[in-house]
Amino acid sequence: MRIIGILAGTVAAALAAGPALAHDPASHAVTRIEGPADDYVYQLAPPGSYALPRIKPAAVLGLLDESGAPVDLKAVFAGRLTLLSFMYTRCGDACPLAALRLADLQRLASEEPALAQRVQIVSLSFDPDYDTPTVMAEYGEMMRLPDVAAPRWLFLTAPDSESLAPLLAAYDQPVARAAADSVSGPFSHLLRAFLIDAKGDIRNIYSADFLDPRLLLNDLKTLSMEGS
C-alpha cells in the first residue's frame, strides 16, 4: 500500500543516513535505536519542578474519526492531557519520523499505567481530500500499540480542506503546496506539536527539533502533577 511504502522508504533513508527510531509495522513494536532523540545536550528537570504556563485556549472544530463518525475536538480534549500534531500520510519526510517519535512516546507512557489513562495522542491530517477516515484508520493501525493499557492515539481528519482552514490558522500551522517535482510529498509545512491540558489550554509547542519522547513525557508528567 502507498502509506506503507512512503513510511518504509522514509525510515530506510533515515537509517541509511544515520541512527533513528525503528518501527515494525507487522508487530506494532517500536524499537529504540541510538539517534537524534538521544543526542540532545539538555538535561531534563524533574517532573513537577517547573511550570508550563497557559499559552492560549486550543482551537476546536468538528472533525471525523477513523470510522467516519463526527467528533468534536472540544470533547476529545476534555479531561485528558493531549499531544496534538498535524500531519498527512503522503508526507515523505518529517511526518513519518514524527509519527515514530510519537509511537515511542506512547510506549514510554504505557509503562506508567496511572499516567497512561490520562494521556492521549491526536494526529490530525491537513490533507482531508486524500486522508479519508479509511486512510487514517490504516495509518493508525500501522503506528499505534495494540495494548489496551497504552494511551489512546486518535487519527482524525476533516470533511474537507475548506472547513479545516480556520483550525490551521488558529494553530498557526502553515501548509502550502510544494513544488511539482518535490520528492517529499505534495505539501510543504512546518512540523509542530501542541501540549494541551485537560481544560483545553495549550501549555507548550514543540518543533521537530524538540519532539523528543522523553521531553514530551516529562511535560505530560508535570501537567499531571498540577494541583496534587
Side-chain angles (χ1 to χ4, degrees), residues 3-4 6-8 10-12 14-15 18-40 42-48 52 65-66 76-77 79-87 89 91 93-125 136-156 191-198 203-204 206-225:
I3 290 176
I4 296 175
I6 289 176
L7 182 62
T10 302
V11 174
L15 290 173
L21 293 174
H23 183 268
D24 179 356
S27 66
H28 298 269
V30 180
T31 304
R32 287 306 302 264
I33 299 175
E34 184 181 355
D38 299 311
D39 289 341
Y40 284 112
Y42 59 78
Q43 182 175 357
L44 294 175
L52 292 167
D65 67 15
E66 295 165 46
V76 170
F77 294 154
R80 289 180 182 260
L81 306 177
T82 303
L83 205 291
L84 169 69
S85 67
F86 291 90
M87 48 76 71
T89 64
C91 181
D93 48 27
C95 297
L97 293 178
L100 293 177
R101 291 287 173 87
L102 295 177
D104 206 14
L105 170 65
Q106 188 188 35
R107 180 186 62 79
L108 290 174
S110 70
E111 297 171 1
E112 305 192 30
L115 180 66
Q117 297 307 305
R118 300 190 59 194
V119 169
Q120 66 181 347
I121 302 169
V122 177
S123 293
L124 173 55
S125 174
M136 295 300 285
E138 177 188 310
Y139 196 87
E141 184 68 18
M142 182 171 58
M143 293 307 306
R144 62 182 160 226
L145 292 170
D147 186 355
V148 294
R152 73 176 184 179
W153 190 349
L154 305 179
F155 287 79
L156 307 179
L191 193 147
R192 308 183 79 202
F194 301 83
L195 179 64
I196 300 169
D197 66 22
R203 305 294 292 273
N204 208 350
Y206 310 94
S207 66
D209 291 336
F210 289 94
L211 204 64
D212 181 344
R214 299 165 306 164
L215 172 61
L216 302 179
L217 184 66
N218 217 56
D219 284 356
L220 287 165
K221 287 181 179 180
T222 293
L223 287 188
S224 73
M225 297 169 68

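- Across all non-hydrogen atoms, the minimal contact from Trp153 to Gln106 is CE3-OE1, 3.6 Å.
- For Gln117, there are no side-chain contact (heavy atoms from CB on, under 4.5 Å) partners at least two apart in sequence or on another chain.
- There is no side-chain donor-acceptor pair under 3.5 Å between Tyr206 and Asp212.
- Residues Arg107 and Asp104 are paired through a salt bridge, judged by an N-O separation under 4.0 Å between the basic side chain and the carboxylate.
- Residue Leu220 comes nearest to Leu115 through the heavy atom pair O-CD1, 4.2 Å, listed as atom of the first residue, atom of the second, then distance.
- Every residue two or more places apart in sequence or in another chain that forms a salt bridge (Lys or Arg N to Asp or Glu O under 4.0 Å) with Asp197 is listed here: Arg54, Arg203.
- Using modelled atom types, no side-chain atom of Arg152 and backbone atom of Ile121 make a donor-acceptor pair closer than 3.5 Å.
- Annotation: the span from Met142 atom CE to Phe155 atom CZ amounts to 8.5 Å, rounded to 0.5 Å.
- The two atoms that bring Met136 and Leu156 nearest to each other are CE-O, 3.3 Å, heavy atoms only.
- Using a 4.5 Å heavy-atom threshold, the side chains of Leu44 and Leu215 count as touching.
- The shortest heavy-atom contact between Tyr139 and Ala99 is OH-CB, 3.7 Å.
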ask   = Yes or no on side-chain contact (heavy atoms from CB on, under 4.5 Å) for Leu83 and Leu216, after CA distance, side-chain angles and deciding distance?
value = CA-CA 8 Å; Leu83 205 291; Leu216 302 179; 4.1 Å; yes
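- Side-chain contact between Arg192 and Ser85 is absent, with no heavy-atom pair separated by less than 4.5 Å.
- Between Ser207 and Leu191, the closest side-chain pair of non-hydrogen atoms is not below 4.5 Å.
- Listed here is the closest heavy atom pair of Leu211 and Ala98: CD2-CB, 3.7 Å.
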Arg144/Glu138 under salt bridge (charged side-chain N to carboxylate O under 4.0 Å, His left out): CA gap, chis, key distance, verdict = CA-CA 11 Å; Arg144 62 182 160 226; Glu138 177 188 310; over 6 Å; no
